[in-house]
K.L.:
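Below are the structure tokens for one structure; questions will follow.
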2 protein chains.
Amino acid sequence: MPQRVCRRHGKDYPCTCAMGNLYRFVEPVVLLLLKQKGHSYGYDLSGELQAHALTDAEIERAALYRTLRHLEANGNVVSEWETDKGGPARRVYRLTAQGERHLEEWAAVLDHVSKSMARFVRQARSSRRRRTVRAAAAG
Amino acid sequence: MPQRVCRRHGKDYPCTCAMGNLYRFVEPVVLLLLKQKGHSYGYDLSGELQAHALTDAEIERAALYRTLRHLEANGNVVSEWETDKGGPARRVYRLTAQGERHLEEWAAVLDHVSKSMARFVRQARSSRRRRTVRAAAAG
DNA sequence: TATGGATAGATGCAGGATACATCTAAAAGA
DNA sequence: TCTTTTAGATGTATCCTGCATCTATCCATA
């Protein structure tokens with residue numbers, strides 16, 4: 001039983017949402033999406049965030065918009081208003097060269113973290129399996 | 001060039017420390033260490049945290065002590081003072097049955113996140129490789 | 001024409017987690 | 001006696017998330 005029950009995934013599935021306030025890795029996901037799409041804007045990205053998210057927790061639009069402005073403030077993306085497509089004006093972002101490098105840094109970091117997590121899972125499950133073996137021998 | 005330079009790993013290695021304020025996953029690492037060791041106390045655990053950490057950022061002792069008290073408040077560990085070993089008194093922790101289940105939940109969550117990150121890394125690097133192919137064809 | 005829905009961007013605030021500094025205290029060693 | 005090691009803990013600022021809320025434009029339709 002998770003520490004907190006998640007409304008999206010229910011109480012039987014131990015999801016990220018139920019483990020407390022974890023980092024959602026919004027920045028790297030946004031960088032990758034912009035790389036793949038060439039250019040895009042917040043509302044459009046928000047529709048694809050879930051498919052690319054690193055956790056099964058939802059990435060809020062509020063976090064997305066703030067991340068985009070933060071990336072721009074740090075020179076990883078640039079934006080311009082697009083007003084000729086109908087509907088409300090869109091702030092269209094694209095990666096800068098520095099943003100591409102920053103994405104590569106994220107890939108290096110997440111590659112390492114991914115392997116550490118896989119090792120963690122093996123160890124956590126192997127200690128459980130040892131106990132199961134003892135239980136089987138005792139039973 | 002990372003957004004922030006890390007003093008431990010230097011500026012050429014893109015480490016977690018330089019990517020801003022990330023989640024350090026202290027709780028699952030502490031749960032696993034307690035599972036493996038049977039019982040332990042904060043100062044002892046702090047020596048082994050780095051070897052088991054999921055990121056290359058240091059896990060501060062302040063975070064460790066707060067995490068232990070938090071785990072106890074939620075019934076995942078229990079503690080008792082140990083005063084017969086010489087030196088300052090130690091607060092010795094051990095997992096509860098609920099703590100073992102919580103570790104299994106963490107393993108399920110981190111298994112999923114690990115695979116998502118691995119997919120992220122493949123995608124980030126494959127889009128880079130596509131560009132390299134085009135560049136090679138143009139060159 | 002009015003009205004609601006979809007689109008689009010953004011802010012405010014509370015709470016969780018980290019970063020860094022600092023504190024207390026007992027025991028061991030020089 | 002003085003310093004270091006061991007051991008636990010707190011204070012504050014900042015970062016990130018969660019949730020609510022806000023403004024505004026355009027479009028369909030009643």
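Each chain gets a letter, A, B and so on, in the order the sequences are listed, and its residues count up from 1. Nothing here was measured: the structure is a model prediction, and the numbers come from that model.
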K.L.:
For R69(A), answer base if it contacts any base atom (sugar-phosphate contacts may also be present), sugar-phosphate if it contacts only those atoms, and nothing otherwise; contact means non-hydrogen atoms under 4.0 Å.
P.N.:
sugar-phosphate

K.L.:
Closer to the 5' end of DNA chain D via nearest nucleotide, is it W81(B) or T67(A)?
P.N.:
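It is W81(B), whose closest nucleotide lies nearer the 5' terminus.
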
K.L.:
Using the test side chain to side chain contact (heavy atoms under 4.5 Å, CB included), find all partners of K37(A) that sit at least two apart in sequence or belong to another chain.
P.N.:
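Applying side chain to side chain contact (heavy atoms under 4.5 Å, CB included) to K37(A) gives L33(A), S40(A), D44(A), L45(A), E48(A).
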
K.L.:
Compare the minimum distances between each of dA17(C), dC16(D), dA10(C) and the side chain of Y23(B), then state the nucleotide with the smallest one.
P.N.:
dA17(C)

K.L.:
Measure the distance from CZ on R91(B) to P on dA25(C) and round it to the nearest whole Å.
P.N.:
16 Å

K.L.:
Measuring only between side-chain heavy atoms, which start at C-beta, is H102(A) closer than 4.5 Å to M19(B)?
P.N.:
yes

K.L.:
So, using side chain to side chain contact (heavy atoms under 4.5 Å, CB included) as the criterion, who are the partners of A62(A) when residues are at least two apart?
P.N.:
R66(A)

K.L.:
Tell me, please, which residues at least two apart from S116(B) pass side chain to side chain contact (heavy atoms under 4.5 Å, CB included).
P.N.:
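In terms of side chain to side chain contact (heavy atoms under 4.5 Å, CB included), with neighbours along the sequence ignored, S116(B) is linked to L54(A), H112(B), R119(B).
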
K.L.:
Nearest to the side chain of N21(B), heavy atoms from C-beta on, is which of dA19(C), dA17(C), dT17(D)?
P.N.:
dA19(C)

K.L.:
Given atom CD of E58(B) and atom P of dC20(C), what is their separation to the nearest angstrom?
P.N.:
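E58(B) atom CD is separated from dC20(C) atom P by 9 Å.
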
K.L.:
If a protein heavy atom is under 4.0 Å from the base, mark B; if only from the sugar-phosphate, S; if neither, -; do that for nucleotides 23-28 of chain D going 5' to 3'.
P.N.:
--BS--

K.L.:
Does a side-chain N or O of Y41(B) approach OP1 or OP2 of dA7(D) to a distance below 4.0 Å, or not?
P.N.:
yes

K.L.:
Rounded to whole angstroms, how far apart are CG on L68(A) and P on dA8(C)?
P.N.:
14 Å

K.L.:
Pick the nucleotide of DNA chain C nearest each of D44(A) and L22(A); which residue has the one closer to the 5' end?
P.N.:
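Whichever sits nearer the 5' end wins; that is D44(A).
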
K.L.:
Within this structure, what is the CD-to-P distance between E48(A) and dT7(C), rounded to whole angstrom?
P.N.:
14 Å

K.L.:
Any side-chain N or O of Y43(A) under 4.0 Å from OP1/OP2 of dT7(C)?
P.N.:
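Answer is yes, contact under 4.0 Å.
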
K.L.:
Starting at atom CG of L64(B), determine the distance to atom P of dA17(C), rounded to an integer number of angstrom.
P.N.:
15 Å

K.L.:
Between N74(B) (CG) and dG16(C) (P), how many Å, whole number?
P.N.:
11 Å

K.L.:
According to side chain to side chain donor-acceptor pair (under 3.5 Å), who are the partners of R24(A), at least two apart in sequence or on a separate chain?
P.N.:
none

K.L.:
Can you tell me the distance, in whole Å, between the OH atom of Y93(B) and the C1' atom of dA7(D)?
P.N.:
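Atom-to-atom, Y93(B) to dA7(D), this comes out as 11 Å.
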
K.L.:
Side-chain N or O of R90(A) less than 4.0 angstrom from OP1 or OP2 on dA8(C)?
P.N.:
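Affirmative; the distance criterion is met.
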
K.L.:
In chain order, what residues pass the side chain to side chain donor-acceptor pair (under 3.5 Å) check against E72(B), with sequence neighbours excluded?
P.N.:
S79(B)

K.L.:
If hydrophobic clusters are built from ILVMFWY residues whose side chains come within less than 4.5 Å, do L71(A) and Y65(A) share one?
P.N.:
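No; tracing contacts between hydrophobic side chains, which count when under 4.5 Å, never links both residues.
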
K.L.:
Phosphate oxygens OP1/OP2 of dT7(C): is one of them under 4.0 Å from a side-chain N or O of R61(A)?
P.N.:
no

K.L.:
Which nucleotide in the list dT17(D), dA10(C), dC20(C) gets nearest to the side chain of A63(A)?
P.N.:
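Among the listed nucleotides, the one closest to the side chain of A63(A) is dT17(D).
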
K.L.:
Sort and list the pairs that fulfil ring pair (Phe, Tyr, Trp, His ring centres under 6.0 Å) and have at least one residue in residues 17-44 of chain B, not counting sequence neighbours.
P.N.:
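For residues 17-44 of chain B, and leaving out neighbouring residues, the ring pair (Phe, Tyr, Trp, His ring centres under 6.0 Å) pairs sorted by first residue read Y23(B)-F25(B).
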
K.L.:
Which residues pass the side chain to side chain contact (heavy atoms under 4.5 Å, CB included) test with E80(A), not counting sequence neighbours?
P.N.:
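For E80(A) the side chain to side chain contact (heavy atoms under 4.5 Å, CB included) partners, ignoring immediate neighbours, are R94(A).
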
K.L.:
Would you tell me if any nitrogen or oxygen in the side chain of R66(A) comes within less than 4.0 Å of OP1 or OP2 on dC15(D)?
P.N.:
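For dC15(D), neither OP1 nor OP2 has a side-chain N or O of R66(A) closer than 4.0 Å.
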
K.L.:
What's the angle between the local helix axes at either end of the helix from dT1(C)-dA30(D) to dA30(C)-dT1(D), using five pairs per end and rounding to 10 degrees?
P.N.:
10°

K.L.:
Quick one: do R101(A) and E104(A) make a salt bridge, cutoff under 4.0 Å?
P.N.:
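The answer is no: the pair does not qualify as a salt bridge.
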
K.L.:
Considering just the side-chain nitrogens and oxygens of Y65(A), establish if one lies under 4.0 Å of OP1 or OP2 belonging to dG9(C).
P.N.:
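Yes, within the criterion.
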
K.L.:
Let me know the distance between CD of E60(A) and P of dG12(C), rounded to the nearest Å.
P.N.:
17 Å

